[in-house]
Protein chains: 2
Amino acid sequence: MSDRVPGVMAPQRYRHLLATAAREFAGHGFEQASLNAVIRACGMSKSSFYHYFGSKEALFDRVVEEASAALARDLAAPVPETLAGADFWNRVEAFMAGALAASAKQAWYADLGRIFYLPDLSAERSAALRRVLAGVEDWLGRVLAAGRSCGAVRDDLPASLQAELVMALLQAMDRWSLVHMPEFDAAALPGLVQRQFAVLRRLLSPDAG
Amino acid sequence: MSDRVPGVMAPQRYRHLLATAAREFAGHGFEQASLNAVIRACGMSKSSFYHYFGSKEALFDRVVEEASAALARDLAAPVPETLAGADFWNRVEAFMAGALAASAKQAWYADLGRIFYLPDLSAERSAALRRVLAGVEDWLGRVLAAGRSCGAVRDDLPASLQAELVMALLQAMDRWSLVHMPEFDAAALPGLVQRQFAVLRRLLSPDAG
DNA sequence: GTGCAGTGGACCGATCGGTCCAAATTCAGA
DNA sequence: TCTGAATTTGGACCGATCGGTCCACTGCAC
């Protein structure tokens, strides 16, 4: 009956470990996160952990890999070049709405978000995180290029700067929402999200809208 | 000849200690910063340090206090309400140019900047940092209010969100500049700074400019 | 039985912030 | 100039925590 496979953890313990680790890493960053705390919370002993993972870094990499893979699976990010056209901004908005809905559904995804843009310092240690960051950066860069190609995105600033600004704005909105959301009633929420999207659009659109 | 005052460190040693600590805190955040590394770098022993400071936290507080006091002295931030008027944006731009010039002059100020917006986690420990953050937040809020009162700043988003977005943008520009500045020749620099300011203005101005 | 995946837990060396005390240094009063 | 108190210092030491190692013991499969 048991689905045990040698060298592989039982699925539910594995999920529990990764979720606990994700929370810990998201909350404290890689260096400050306590591996001891994670395995303690999972009722796991040191030797058991090190039987399956080579190091704290390996656990971090696994968390990043699994979470980003799941997110990519759920998100179905469009090929950037297909966004170009007259309704560039409508397509972007549609994707963002979908992304927002998906990420609100899974705490797992929020942890991944906090992992990959809160602590710049953690990135240096994890090849997996660097890979994911590079992937997002590349995708965003191509989206911006597509927007420029159809006149929907202004070109008076370096694209790399625009990408950094977009990431910063999204992160700031996220952070603000976490803190101030409870103050707003649910009815005002869709309008707020829409106005937040409008901020991005205003930032990137050429002057003569 | 010696200007020794009981219970007070010799001025140059004091400055060296604070500067070293500022760099360490800015680079690693409060928790991850190594007090041992700081005093080692200053050729100071544990007991000497603890003779003058009660704790690592006290050192952090002192760094924040001294740096922010020096910055406030150099900056001469205008009373927000005096910015209101037809040339709100010109006044803001003038102030920002002055602030940029002042902060570029002193490495000390850059460290303070990194200290107070990179690690949200460090803020919880230091009353001094919380106080400075609250002061900046309050000042920025009043600037935004002044801008609204004269129609220079849009009011379709919560002011607290606008403040957070402004901080995020400034930080992102800062970070981007640190990385990408070397790629641009000095001639292109003033135009770039101007366009970065234009980004802020575009973010905050009402649609019908 | 025998072998091996899996586990508990003692243990390691390093680093952390912080304490303590005795020696060194400084300085005032005689 | 000597002396005694106060200030300042070096450095051993403390308990805790860290990531990581090691080994003996379990329990199941063949």
Problem set entry | Spacing of A/E31 atom CD relative to C/dT15 atom C1', expressed in whole Å | 13 Å

For this session: Using the test salt bridge (Lys or Arg N to Asp or Glu O under 4.0 Å), find all partners of A/E65 that sit at least two apart in sequence or belong to another chain.
Result: A/R131

For this session: Figure out the CZ/P separation between A/F53 and C/dG6, and round it to whole Å.
Result: 13 Å

Exercise. Does D/dC22 have OP1 or OP2 sitting under 4.0 Å from an N or O in the side chain of A/Y50?
Worked result: no

For this session: Whole angstrom is fine here: how far is it from CD in A/E24 over to P in D/dG19?
Result: 9 Å

Exercise. How long is the line joining NE2 of A/H51 and P of C/dG6, in whole Å?
Worked result: 4 Å

Exercise. Which part of the nucleic acid, if any, lies within contact of B/A58, taking any heavy atom under 4.0 Å across all strands shown: a base, the sugar-phosphate backbone alone, or nothing?
Worked result: nothing

Exercise. According to a strict under-4.0 Å criterion, is A/Y52 in side-chain N/O contact with OP1 or OP2 of C/dT7?
Worked result: yes

Can you give each donor-acceptor pair under 3.5 Å made by side-chain atoms of residues 191-199 of chain A, sequence neighbours left out, with the distance rounded to 0.1 Å?
| residue | atom | partner | partner atom | Å |
| --- | --- | --- | --- | --- |
| A/R195 | NE | B/D156 | O | 2.5 |

Problem set entry | Nearest-Å distance for atom pair CG/P, residues B/L17 and D/dT8 | 15 Å

For this session: State which residues pass ring-ring contact (aromatic ring centres under 6.0 Å, His included) with B/Y109; sequence neighbours excluded, sorted by chain then number.
Result: none

Exercise. Between C/dC16 atom C1' and B/L59 atom CG, what is the distance in whole Å?
Worked result: 15 Å

Problem set entry | Length of the CZ-P vector between B/F60 and C/dC16, whole Å | 18 Å

Exercise. Does anything in residues 42-62 of chain B pair up under salt bridge (charged side-chain N to carboxylate O under 4.0 Å, His left out), and if so which pairs, sequence neighbours excluded?
Worked result: B/E57-B/R125

For this session: Over 60° means perpendicular and under 30° means parallel, so classify the ring planes of A/F95 and A/W139, tilted if in between.
Result: tilted

Exercise. Looking at residues at least two apart in the chain, or sitting in another chain, which of them share a salt bridge (Lys or Arg N to Asp or Glu O under 4.0 Å) with B/R23?
Worked result: B/D111

Exercise. Do the rings of A/F60 and A/F30 sit parallel, tilted or perpendicular, given the 30° and 60° boundaries?
Worked result: perpendicular

Problem set entry | Partner residues of A/E24 under the salt bridge (Lys or Arg N to Asp or Glu O under 4.0 Å) criterion, sequence neighbours left out | none

Exercise. Does B/W176 have any ring-ring contact (aromatic ring centres under 6.0 Å, His included) partners at least two apart in sequence or in another chain, and if so, which?
Worked result: B/H180, B/F184

Seminar exercise, completed: Per the under-4.0 Å heavy-atom filter, residues of residues 34-41 of chain B near DNA chain D come out as none

Exercise. How far does the helix from C/dG1-D/dC30 to C/dA30-D/dT1 bend, going by the axes of its first and last five pairs, to the nearest 10°?
Worked result: 20°

Exercise. Mind checking what makes ring-ring contact (aromatic ring centres under 6.0 Å, His included) contact with B/H16, not counting sequence neighbours?
Worked result: none

Problem set entry | Along DNA chain D (nearest heavy atom to each residue), the more 5'-positioned of A/S55 and B/R13 | B/R13

Exercise. Should we say atom CD of B/Q12 is surrounded by more than 12 heavy atoms from elsewhere, each under 6.0 Å from it?
Worked result: no

Exercise. How many Å lie between CD on B/Q32 and P on D/dT17, as a whole number?
Worked result: 16 Å

Between protein and nucleic acid, restricted to nucleotides 11-14 of chain D and to nitrogen or oxygen atoms under 3.5 Å apart, what atom pairs and distances do you find?
| residue | atom | partner | partner atom | Å |
| --- | --- | --- | --- | --- |
| D/dG11 | O6 | B/S47 | N | 3.4 |
| D/dG11 | O6 | B/S47 | OG | 3.4 |

Problem set entry | Set of residues satisfying salt bridge (Lys or Arg N to Asp or Glu O under 4.0 Å) with respect to B/E81, sequence neighbours excluded | B/R142

